[in-house]
Amino acid sequence: MTRSRGQVQPSYARHETGPGDAGRTAFADDVAYYLTQTPRQLPSRYLYDELGSSLFESICRLPWYRVAKTEQSLLMTRAGAIFSRLPPISTVVELGPGSGEKLVTLMAAAPGRDVTIHLVDVSPAALDAAATALAAQSSLTVVAHQATYEEGLSAVGRPGGAAGQTLVVFLGSNIGNFDPPGADALLRTVRAALGPGGALLLGTDLVKPEPELLLAYDDPLGVTAAFNLNLLVRVNRELDADFDLGRFAHRAVWNAAASRVEMHLVSRSRQRVRVRRSGLDLTLDAGEPIWTESSYKYRIDDLAPMLGRAGFHVTGQWQEDGFALTLAEAG
């Protein structure tokens, strides 16, 4: 369904792949697998339930976490230059839209034409927020996919054509949540989903001094700690577990050799934990960590080779305050 230019609300259709019973089964299976690895782990994608998404939006407003503010500033000042380097765009796919504010800023500079926006996120709360934020731009048709990035790209396919090309938008340095092989694989998936002439706009956080990085991931207000601990709340609620939040501490570590900030939940004492839907009965030692997230940081010279391995070539790049926006065309 397409709305006319005179209406305020965009067209908004949801295509869901979960959570449901299948999503909960996958969650239980992942927890069963990763909590028995060495070191113990929990996949970071499960941080983003409704509360986790809200907490992350709060993190983005903290003065110590400058990624969101710097990226928004770059988009405000460079959106026109970005579109000037692109062919006519009829389709935009955003992976992990968050609140949608950055895409609103970008699309405000788009040449006047009807554009279909595909939002891809595992969080229904994020999809709702992004769709609401885009509602004021009445020339946009918005389609939401509650799915992983790979599933969403597959569902979108190659929508560009004679009417215009496709732009994939991947902001917030979300690429940093993937290890190098995983980042390469995802970028190849993006490239495969784009037709000739399609493009990718990639946001990446750059390496900074260690104290600055750690403050961004272990803020004095404890918002990031709450975001991390909420993962255990979710496991308790959805998988019938008995994690005691008071017996875990949030810890952020800068791993210089791997160029990543790591988030962990550290057991404060020796304890037994059951996760009944995953069939787990665990004993954690005092000081034993559960690794919940990695955030890789880049050097500017890393980006063109990384994109090149996936079949892109860089056509524009802008930096501000330790952050980079890179525009790359599918070769």
I'd like to know whether CD of E50 has more than 12 heavy-atom contacts from other residues, nucleotides or ligands below 6.0 angstrom. no

If you apply the rule side-chain contact (heavy atoms from CB on, under 4.5 Å), what do you find for L47 with R234, and how did you get there? CA-CA 8 Å; L47 289 161; R234 181 177 184 180; over 6 Å; no

Does the R191 side chain pair with the main chain of G331, one donor and one acceptor, at a distance under 3.5 Å? yes

Over all atoms of both residues, closest heavy-atom pair of A129 and G98: CB-O, 4.3 Å

Would a distance-only check, ignoring hydrogens and angles, find a side-chain to backbone donor-acceptor pair under 3.5 Å from R61 to E57? yes

Measure the shortest side-chain to side-chain distance between H118 and T116 over non-hydrogen atoms and say whether it is less than 4.5 angstrom. yes

When the ring planes of Y48 and F56 are compared, do they come out parallel, tilted or perpendicular, using 30° and 60° as the limits? perpendicular

So, the side chain of H264 versus the backbone of E288: is there a donor-acceptor pair under 3.5 Å, distance only? no

Here the pair of heavy atoms bringing V142 nearest to A131 is CG1-CB, 4.4 Å

Would you say V233 and V266 are hydrophobically clustered, going by side-chain heavy atoms of ILVMFWY under 4.5 Å? no

Under the criterion side chain to side chain donor-acceptor pair (under 3.5 Å), I'd like the reasoning laid out for T70 against E320: C-alpha separation, chi angles, the key distance, then a yes or no. CA-CA 7 Å; T70 303; E320 181 180 321; 5.3 Å; no

Strictly distance-based, threshold 3.5 Å: is any side-chain N or O of K69 a donor or acceptor partner for the main-chain N or O of L62? yes

How far does CG of L213 sit from CH2 of W254, to the nearest 0.5 angstrom? 5.5 Å

Distance col, row L202:CG vs T326:OG1, nearest 0.5 angstrom, shows 6.0 Å

Are the side chains of T204 and F323 in touch, meaning some heavy atoms are under 4.5 Å apart? no

Test side-chain contact (heavy atoms from CB on, under 4.5 Å) applied to L284 and R272, R270, R40, R268, the passing residue: R40

Given L35 and I290, is the side-chain contact (heavy atoms from CB on, under 4.5 Å) satisfied, shown in steps? CA-CA 8 Å; L35 274 183; I290 300 173; 4.0 Å; yes

For V275, is there any backbone N or O sitting under 3.5 Å from a side-chain donor or acceptor partner on S278? no

R299 atom CZ, over 12 foreign heavy atoms within 6.0 Å: no

What pair of heavy atoms forms the shortest contact from N230 to G52, and how long is it? ND2-N, 3.4 Å

Is it true that F243 and F248 have ring centroids separated by less than 6.0 Å? yes

Checking side chain to side chain donor-acceptor pair (under 3.5 Å) for the pair E151/T148: CA distance, chi angles, key distance, verdict? CA-CA 5 Å; E151 291 166 344; T148 65; 3.3 Å; yes

When every non-hydrogen atom of A216 is compared with those of Y65, the smallest separation belongs to O-CD1, 3.7 Å

Would a hydrophobic clustering, with Ile, Leu, Val, Met, Phe, Trp and Tyr connected at side-chain separations under 4.5 Å, put L245 with L231? yes

Donor-acceptor under 3.5 Å (T132 side chain, D128 main chain): yes

Check this for me, if you would: do R66 and E212 make a salt bridge, where the nitrogen-to-carboxylate-oxygen distance has to be below 4.0 angstrom? yes

Evaluation steps, side chain to side chain donor-acceptor pair (under 3.5 Å), between S269 and R247: CA-CA 7 Å; S269 60; R247 301 181 74 179; 2.9 Å; yes

Using atom types as modelled and distance alone, determine if a side-chain donor or acceptor of T105 lies under 3.5 Å from a backbone N or O of E101. yes

Audit row: E262, R251, salt bridge (Lys or Arg N to Asp or Glu O under 4.0 Å) steps and yes/no: CA-CA 8 Å; E262 300 171 4; R251 184 171 71 193; over 6 Å; no

Does the side chain of V169 reach to within under 4.5 Å of the side chain of L106, using non-hydrogen atoms? yes

Taking the side chain from Q37 and the backbone from Y33, do they hold a donor-acceptor pair closer than 3.5 Å? yes

Looking at Q146 and D121, would you say the former's side chain and the latter's main chain have a donor-acceptor pair under 3.5 Å? no

Would you compute the distance between atom OG of S267 and atom CG of D285 and round it to the nearest 0.5 angstrom? 7.5 Å

Just verifying a value: how many Å separate M263 CE and N228 CG, rounded to the nearest 0.5 Å? 4.0 Å

Side-chain contact, heavy-atom cut-off 4.5 Å: Y46 with V31? no

How far apart are the closest heavy atoms of A32 and L280, and which atoms are they? CA-CD1, 3.8 Å

Quick check: does any side chain N or O of N174 sit under 3.5 Å from a backbone N or O of L171, one acting as donor and the other as acceptor? yes

Nearest heavy-atom neighbours spanning A252 and D218: CB-CB, 4.2 Å

Find out whether N177 and R45 are in side-chain contact, i.e. whether some heavy atom of one side chain is under 4.5 Å from a heavy atom of the other. no

Before you tell me yes or no, could you show the steps for E71 and L325 under side-chain contact (heavy atoms from CB on, under 4.5 Å), namely the whole-Å CA-CA distance, both residues' side-chain angles and the distance that decides it to 0.1 Å? CA-CA 8 Å; E71 189 172 47; L325 278 177; 4.0 Å; yes

Salt bridge (Lys or Arg N to Asp or Glu O under 4.0 Å) evaluation trace for R277 with D240: CA-CA 6 Å; R277 286 185 179 269; D240 192 18; over 6 Å; no

D205 and K208 ion-paired at < 4.0 Å: yes

State yes or no: do L214 and W291 share one hydrophobic cluster built from I, L, V, M, F, W and Y residues joined by side-chain heavy-atom distances below 4.5 Å, directly or via other members? no

Any non-hydrogen side-chain atom of F83 less than 4.5 Å from a side-chain atom of L86? yes

Would you call the rings of Y149 and F178 parallel, tilted or perpendicular, where under 30° means parallel and over 60° means perpendicular? tilted

Do V120 and V122 sit in one hydrophobic cluster, given that two such residues count as connected whenever their side-chain heavy atoms are within less than 4.5 Å of each other, even indirectly? no

Could you tell me the separation between the CG atom of L187 and the CG atom of L200, rounded to the nearest 0.5 Å? 6.5 Å

Between L119 and V143, is the side-chain contact (heavy atoms from CB on, under 4.5 Å) condition met? List the steps. CA-CA 6 Å; L119 305 173; V143 181; over 6 Å; no

Hydrophobic cluster identity match, V253 and L229, side-chain contacts under 4.5 Å: no

In sequence, state the C-alpha distance, the side-chain angles, and the governing distance for S259 and Y298, and then conclude on side chain to side chain donor-acceptor pair (under 3.5 Å). CA-CA 7 Å; S259 194; Y298 298 90; over 6 Å; no

What I'd like to find out is whether the side chain of L201 reaches to under 4.5 Å of the side chain of L75, using heavy atoms alone. yes

Let me confirm one number: the CD-CZ distance from E293 to R260, rounded to the nearest 0.5 Å. 12.0 Å

Check whether any side-chain heavy atom of T166 lies under 4.5 Å from a side-chain heavy atom of V93, and answer yes or no. yes

